[in-house]
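Below is one structure; the comments refer to it alone.
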2 protein chains.
Amino acid sequence: MTVLADKSLEPHRLTSAQRVLSILGVFDTENLALSLSDISRRTGLTLSTTHRLLNELLRWGALSRHSDGKYSIGLRILELGTLAPQGGQLREIALPYLHDLQHATRGNIHLGVPEGHDVIYVESLRARDTVPVPSRLGGRWPMHATGTGLVLLAHSSQEFQEEVLASKLRRYTDHTLTDPDALRHFLAEVRKSGVAIVQSQLTHDAMAVAVPIRGPRDRVVAAVGITVPLGSPSPHSLVPALAATSRSISRALGAPSAVTDAGVPRQTAHWQVREVKYSSSAGR
Amino acid sequence: MTVLADKSLEPHRLTSAQRVLSILGVFDTENLALSLSDISRRTGLTLSTTHRLLNELLRWGALSRHSDGKYSIGLRILELGTLAPQGGQLREIALPYLHDLQHATRGNIHLGVPEGHDVIYVESLRARDTVPVPSRLGGRWPMHATGTGLVLLAHSSQEFQEEVLASKLRRYTDHTLTDPDALRHFLAEVRKSGVAIVQSQLTHDAMAVAVPIRGPRDRVVAAVGITVPLGSPSPHSLVPALAATSRSISRALGAPSAVTDAGVPRQTAHWQVREVKYSSSAGR
DNA sequence: AGCCCCTTTTCCGTCCAGCGGAAGGGATTT
DNA sequence: AAATCCCTTCCGCTGGACGGAAAAGGGGCT
């Protein structure tokens, strides 16, 4: 427990909004239910402040409380989350195609979108009879360590790619691509071939195939991927099915390049999230 | 849902936490992307306050911003939402069984949990070739108007049931059950038979069959339902499959009554959310 | 062009709401 | 019984959040 509050010369200059958010932020996959004092310790907020805020969050439905007194994320947050355009909305459109893909291939299917240096799985369909991969709906993984992530990275801006390559790239297995030069090479391949095929990036016994999905201005907005057990027949045989799925979804999203015949032009909603720049240093 | 700003003589006595939450609260299925001034108007907050809070939410990832300047719910919220024990966790456990159920029956499958007077769909699997029902993942519907909701209501406490029956029960179609006495009768039937079969509660052309799912102390924690087109062969033929699915999920959740043989006792997590009572009046 | 209206952004002085300390009440352990 | 934890409530003080105002941007219309 390295929870030692650094009370040297930084007496927690937080705005009240940040306090609220910091409470929500203490929940993660390993901490699904926390007590008042847990939360107080982990946020660094005083007990009374934490207590008051927890009650406000509870009343609103952002948190729920269990019979043992612990707090968890509430359903209202789940509900809210489905309103994220790159999340619930995209999922809604893509789901039928993903189902078809799963029927056809019997692999684990992922639909990933970029956030920060990570991919977030907006949908994760698991096959019953294949390798269990560590991928949940809502899961977050570094881009360099997943098939879908590498596809998204390959189609990001040059600066963004370099920014990611310059960061610390965690090695999950001894096959994980972490060398910047090797990655640059690989990303170029992905751009050229339109597909990423990788082995054992995250766990030893799996391989992944992923392709991009395009939205309105033909921008890459997401990626679909299949994960299959390591020694599977031929990952290349999965490419056509993936490509077809990607094309269908892209068309449904209104990607110009995917629109072949005179289909009904779908409503083009608010895709393509602007990269917002903050004064990353200088407090406010 | 009393969103009408009562600007008579109430100069917005809001806590700062409430201000933050009220911003998140303005997003719904009809308002996926809103501008600063939209949000300011709808929350009743001043422009400058809204502006500041939006930036804080943006920086944290609770919101995202589009190229047209509008704001939407961010992926971080989606991610958070999956941490809700009654949501993402339950979904995780139930999903394979729900898939099986869909294969077997080819209907629209719903997994609902109670929140307030409503059901929230924690999973929604749509069949391609059947009636489109208005049910999204994360969707919220009044209990009296859905099959899953009626099941959950039937297994709630007596007081809660009366509380719901006493509230205004919206009529969606002319078949929607809204008469308290008729509902009481129906709920008793559901308790006795263990299944709810209803017609055209929400839309005219559908019928639904739903059964409860039990968790640890055999408490009803969720409900599974199938929705099929109105004149389908026999809804009763769906009951066995539903019952089997329910039992499988209940067992996986650790419901005593569903544990038949010496299966591995699952970890019993924090189910059964306590109903927390607030001093509902007197704003401090 | 120029004009007008609407939106977003920034600045700054005031004031009160949110903060944290402290104390009280349970529950469980030594 | 004392000690230790956790949760809850109360209250006085202060600094940060608030809102007014004005500047900076952005279309659309004549």
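Order of the sequence lines sets the chain letters (A, B, ...), proteins ahead of strands, with each chain counted from 1.
Residue whose closest nucleotide on DNA chain D sits further toward the 5' end, between A:Ser16 and A:Leu36: A:Leu36.
The CG atom of A:Leu34 sits 13 Å away from the P atom of D:dC6 (whole-angstrom rounding). Atom CG in B:Leu53 sits roughly 16 Å away from atom P in C:dA17 (whole-Å rounding). Rounded to an integer number of Å, the gap from A:Asp68 CG to D:dC5 C1' is 16 Å. For the pair B:Arg52 CZ and D:dG19 P, the computed distance is 8 Å after rounding to whole Å.
Under the side-chain hydrogen bond (donor to acceptor under 3.5 Å, both in side chains) criterion, A:Ser250 pairs with no residue, sequence neighbours left out. Taking A:Ser124 as the reference, nothing meets the side-chain hydrogen bond (donor to acceptor under 3.5 Å, both in side chains) condition, with sequence neighbours excluded. Under the rule for a salt bridge (charged side-chain N to carboxylate O under 4.0 Å, His left out), the partners of A:Arg91 that lie at least two apart in sequence or sit in another chain are A:Glu123, B:Glu123. Taking A:Ala154 as the reference, A:Leu187, A:Val190, A:Arg191 meet the side chain to side chain contact (heavy atoms under 4.5 Å, CB included) condition, with sequence neighbours excluded.
The shortest distance between the side-chain N/O atoms of B:Thr15 and the OP1/OP2 oxygens of C:dA17 is not below 4.0 Å. Residue A:His51 has a polar side-chain atom (N or O) positioned under 4.0 Å from OP1 or OP2 of D:dT8. For the OP1/OP2 pair of C:dA17 and a distance below 4.0 Å, the side-chain nitrogens and oxygens of B:Arg19 include no atom meeting the criterion.
Within the structure, every pair that satisfies the salt bridge (charged side-chain N to carboxylate O under 4.0 Å, His left out) test and touches residues 31-41 of chain B, not counting sequence neighbours, is listed here: B:Asp38-B:Arg41.
A perpendicular orientation is assigned to the rings of B:Phe160 and B:His117, their planes being inclined by more than 60° (bins at 30° and 60°).
In this structure, the nucleotide among D:dC7, C:dG18, C:dT9 sitting nearest to the side chain of B:Tyr71 is C:dT9. In this structure, of D:dA17, C:dG20, C:dT7, it is C:dG20 that holds the atom nearest to the side chain of A:Thr49.
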Below 3.5 Å between N/O atoms, which protein atoms pair up with nucleotides 21-30 of chain C? Just atom names and distances, please.
| from | atom 1 | to | atom 2 | distance (Å) |
| --- | --- | --- | --- | --- |
| C:dG21 | O6 | A:Ser48 | OG | 3.3 |

